[in-house]
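To start, the structure itself, in structure tokens.
For ligands, and for the atoms within them, numbers begin at 1 and follow the listed sequence. Position 1 is the first residue of the sequence, and the numbers go up from there. Keep in mind that what you see is a predicted model, and the values were worked out from it rather than measured.
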Amino acid sequence: MRIAMIGTGYVGLVSGACFSDFGHQVVCLDKDAGKIAALENGVMPIYEPGLESLVAHNVRAGRLSFTTDLAEAVAGAEAVFIAVGTPSRRGDGHADLSYVHAAAKEIAGALTGPAVIITKSTVPVGTGDEVERIIFEAAPDAEVMVVSNPEFLREGAAITDFKRPDRIVIGIDDERARRVLEEIYRPLNLNTAPLLFTGRRTAELIKYTANAFLATKITFINEIADLCEVVGADVQQVSRGIGLDNRIGAKFLHAGPGYGGSCFPKDTLALLKTAEDEQVPLRIVEAVVKVNDARKRLMGRKVIRAMGGDVRGLTVAILGLTFKPNTDDMREAPALSIIQALQDEGAIIRAYDPEGVEQARAVLENVEFSPDPYAAAEGASAIVLVTEWDELRALDLKRMADILADPLFVDLRNVYSPDEARRAGLRYFGVGRPAPAD
Ligand SMILES: NC(=O)c1ccc[n+]([C@@H]2O[C@H](COP(=O)([O-])OP(=O)(O)OC[C@H]3O[C@@H](n4cnc5c(N)ncnc54)[C@H](O)[C@@H]3O)[C@@H](O)[C@H]2O)c1
């Protein structure tokens, strides 16, 4: 199958590389010439475990190539995926569909034969109809079918998720496109990934519903964590106690500093906007968005409280900056709000992150970046674990206690047990765990 991938970001690049690994012939296109030039030189524009070797292998095999030339990418393609960004529109929170619409128009102008156009970007209900309209307006005689195929991969585990998905959702209103999608995903039959065929609008809504539900689960346990702190219960045990119930499930029940990233924040907002337009209130999702927004900043206040209330002139070491481990993505990372809240109160910030520093530099001001967690902690008045990278899971706590000016450890991911931290000589604050007795 000849596939064109329009947009070579986190989703487009991983999807394109995996499709080529299945044996398809894939051309990945991006408007960003720097990104394409880097990829042509074997340099990945993002950090994603396993991606570099997957790309290199398939480029060598002649199945994967990169271009900025749309005509070259689309000519002869039987399937054209749209994987461009759909960020929040400035000011109102609607999904900004300008990149999707522009891509549809450009594709229409470049088609040379019949093709299935597949929207992989996360788009509000009805976008497929608009993509179809744009294509037929620009190319009335085009032989195209427009399909929705939302992507569920997680950054940091994107390749495994793509190759071993729980399900593949395909929204098709025209049965002729089904054969093409079945052929594209046939290699996954071996992994028994179910192909769930639905109507196009249903597929579009499944993606938002899934993200809103997961965001709700996280926010729910975060509020229970707040209650745990006040009543002297431990949220880790509460999570385990409820997560072992199969009806609930253990995933997404880790209390922490609030969800961030490139998907949950913007997708929950966009879903609310759709609901608002349709005059169907989604009060639960509304509450989730409000609670989560407030929480990220409240985590900064939590650190300030643990430090005694006055942080002016004191140094705080932030360990982990990206919105989650194994990615360099800083979009909506809780670290941003936490650092801002601390800086607003006059704290000096030193930070360490294994992969996110380049992206973090672009969005943070007045932060000193350290080469390792111990350098960040040297002489600081607190360490704050914000992102649970593997290499931050086995810190030498005794060494930390020795080099800190004040041996205070705020663990916003509950990676460490309060007892081990206290044995090492640290004053330990987790999330949803009883505060230390002074
Ligand atoms: N990042 C994730 O984990 C994830 C997971 C599932 C779904 N999604 C969805 O997938 C979509 C893409 O997300 P992403 O994180 O990969 O975005 P991204 O910003 O990393 O990449 C988008 C790419 O599209 C390119 N682009 C924009 N317009 C273009 C055009 N007309 N022609 C060619 N290239 C164009 C941009 O230059 C950019 O490189 C979004 O809708 C997102 O919600 C993302």
Side-chain angles (χ1 to χ4, degrees), residues 4-18 27-39 44-49 51 66-74 80-89 94-110 117-124 127-128 131 134 138 148-162 165-166 168-169 203-204 206-208 210-212 214-215 259-271 322-333 359 362:
M5 187 64 64
I6 312 300
T8 308
Y10 285 86
V11 165
L13 180 54
V14 170
S15 306
C18 288
V27 181
C28 285
L29 166 112
D30 206 283
K31 274 190 163 350
D32 182 338
K35 209 174 248 191
I36 294 302
L39 281 162
M44 297 302 106
I46 55 169
Y47 173 74
E48 180 62 45
L51 186 61
F66 302 98
T67 185
T68 52
D69 181 347
L70 189 82
E72 179 193 327
V74 169
V80 181
F81 281 84
I82 300 178
V84 300
T86 49
S88 274
R89 199 161 65 188
H94 271 285
D96 178 353
L97 293 175
S98 55
Y99 302 101
V100 172
H101 293 165
K105 198 165 175 189
E106 288 158 14
I107 293 166
I117 315 289
I118 305 139
T119 309
K120 209 167 226 337
S121 302
T122 302
V123 293
T127 304
V131 166
I134 291 171
S148 163
N149 172 217
E151 182 51 54
F152 297 93
L153 62 77
R154 295 163 302 165
E155 287 175 23
I159 294 168
T160 316
D161 282 355
F162 196 90
D166 293 335
I168 297 155
V169 173
E204 289 168 341
I206 286 172
K207 174 65 189 174
Y208 281 101
N211 276 358
L214 294 172
Y259 61 78
S262 64
C263 292
F264 288 178
K266 79 171 175 63
D267 292 349
T268 43
L269 268 189
L271 179 62
T322 50
F323 85 93
K324 66 172 176 179
N326 295 325
T327 180
D328 57 353
D329 201 335
M330 283 297 299
R331 289 179 279 187
E332 306 278 338
Q359 305 264 8

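- Here the side chains of Asp30 and Pro45 are not in contact, with every heavy-atom distance at 4.5 Å or above.
- Backbone and side-chain nitrogen or oxygen atoms of Thr8 are examined, and none is located within less than 3.5 angstrom of a nitrogen or oxygen of ligand 1.
- In summary, the side chains of Asp328 and Tyr10 do present a donor paired with an acceptor at a separation below 3.5 Å, with no hydrogens or angles considered.
- Protein heavy atom at the shortest distance from atom 21 (O) of ligand 1 is Gly9 CA, 3.2 Å.
- Nearest non-hydrogen protein atom to atom 24 (O) of ligand 1 is Gly7 CA, 3.5 Å.
- Atom-to-atom distance recorded for Ile134:CD1 and Ile117:CD1 is 12.0 Å, nearest 0.5 angstrom.
- Close contacts between ligand 1 and Leu29 involve ligand atoms 32 (N), 33 (C) [criterion: under 4.0 Å to a heavy atom].
- Side-chain N or O atoms of Asp329 include none that pairs as donor or acceptor with a backbone N or O of Phe323 at under 3.5 Å.
- Closest to atom 31 (N) of ligand 1, if we only count protein heavy atoms, is Glu106 OE1, 3.2 Å.
- Against a heavy-atom cut-off of under 4.0 Å, Lys207 is close to the following atoms of ligand 1: 6 (C).
- Between atom 13 (O) of ligand 1 and the options Val123, Asp161, Val11, the minimum heavy-atom separation is to Val11.
- For atom 37 (O) of ligand 1, the nearest non-hydrogen atom of the protein is Asp30 OD1, 2.6 Å.
- With ligand atoms numbered from 1 in the order given, ligand 1 contributes 32 (N), 33 (C) to contacts under 4.0 Å with heavy atoms of Ile6.
- If you look at Ala102 next to ligand 1, there are no close heavy atoms at all, none under 4.0 Å.
- For atom 5 (C) of ligand 1, the nearest protein heavy atom (residue, atom name, distance) is Leu153 O, 3.5 Å.
- Contact annotation: for Ala83 versus ligand 1, heavy atoms closer than 4.0 Å belong to the backbone alone.
- Residue, atom and distance of the protein heavy atom nearest to atom 40 (C) of ligand 1 are Thr86 OG1, 3.5 Å.
- Side-chain contact, Ser98 with Asp96: a donor N or O sits under 3.5 Å from an acceptor N or O.
- Among Thr119, Val84, Asp267, the residue whose heavy atom lies nearest to atom 28 (N) of ligand 1 is Val84.
- Proximity of a side-chain donor or acceptor of Lys207 to a complementary backbone N or O of Glu151 within less than 3.5 Å is detected.
- Nearest protein neighbour of atom 9 (C) of ligand 1, counting heavy atoms only, is Thr122 OG1, 3.4 Å.
- Remark: Phe152 CZ is packed, more than 12 non-hydrogen atoms of other residues, nucleotides or ligands lying under 6.0 Å away.
- Of all protein heavy atoms, the one closest to atom 2 (C) of ligand 1 is Glu155 OE2, 3.4 Å.
- In the model, Glu155 has a side-chain atom that pairs as donor or acceptor with a side-chain atom of Ser262 under 3.5 Å.
- The shortest distance between side-chain heavy atoms of Val11 and Ser121 does not fall below 4.5 Å.
- The atoms of ligand 1 that sit less than 4.0 Å from any heavy atom of Lys35 are 38 (C), 39 (O).
- In terms of modelled atom types and a separation under 3.5 Å, the side chain of Thr86 and the main chain of Thr122 share a donor-acceptor contact.
- Backbone and side-chain nitrogen or oxygen atoms of Arg331 are examined, and one is located within less than 3.5 angstrom of a nitrogen or oxygen of ligand 1.
- Distance alone, capped at 3.5 Å, is enough to place a donor-acceptor pair between the Thr268 side chain and the Pro265 backbone.
- Those atoms of ligand 1 with a heavy atom of Gly85 less than 4.0 angstrom away are 22 (C).
- In this structure, the side chains of Pro124 and Glu204 stay at 4.5 Å or more apart for every pair of heavy atoms.
- Looking at ligand 1, you won't find any N or O of Asp32 less than 3.5 Å from one of its N or O atoms.
- When each atom of ligand 1 is checked for a heavy atom of Glu151 under 4.0 Å away, the hits are 6 (C), 7 (C).
- Asn149 contributes no side-chain N or O that, together with a main-chain N or O of Lys120, makes up a donor-acceptor pair within less than 3.5 Å.
- The shortest N/O to N/O separation between Tyr99 and ligand 1 does not fall below 3.5 Å.
- Residue contact check: Ser262 has heavy atoms under 4.0 Å from atoms 1 (N), 2 (C) of ligand 1.
- The distance from ligand 1 to the heavy atoms of Lys266 drops below 4.0 Å at these ligand atoms: 42 (C), 43 (O).
- Rounding to the nearest 0.5 Å places CG of Asp69 at 4.5 Å from OG1 of Thr67.
- Where the criterion is an N or O separation shorter than 3.5 Å, residue side chain and backbone included, Tyr10 meets it with respect to ligand 1.
- When non-hydrogen atoms are compared, ligand 1 lies under 4.0 Å from neither the backbone nor the side chain of Met5.
- Using a distance-only test at 3.5 Å, with no hydrogens or angles considered, a donor-acceptor pair links the side chain of Asp161 to the main chain of Arg154.
- Look at Lys31 and Glu106 and you find a salt bridge, because one of the NZ, NE, NH1 or NH2 atoms lies within 4.0 Å of a carboxylate O, short of that distance.
- The distance criterion of under 3.5 Å between nitrogen or oxygen atoms is not met by Arg154 with respect to ligand 1.
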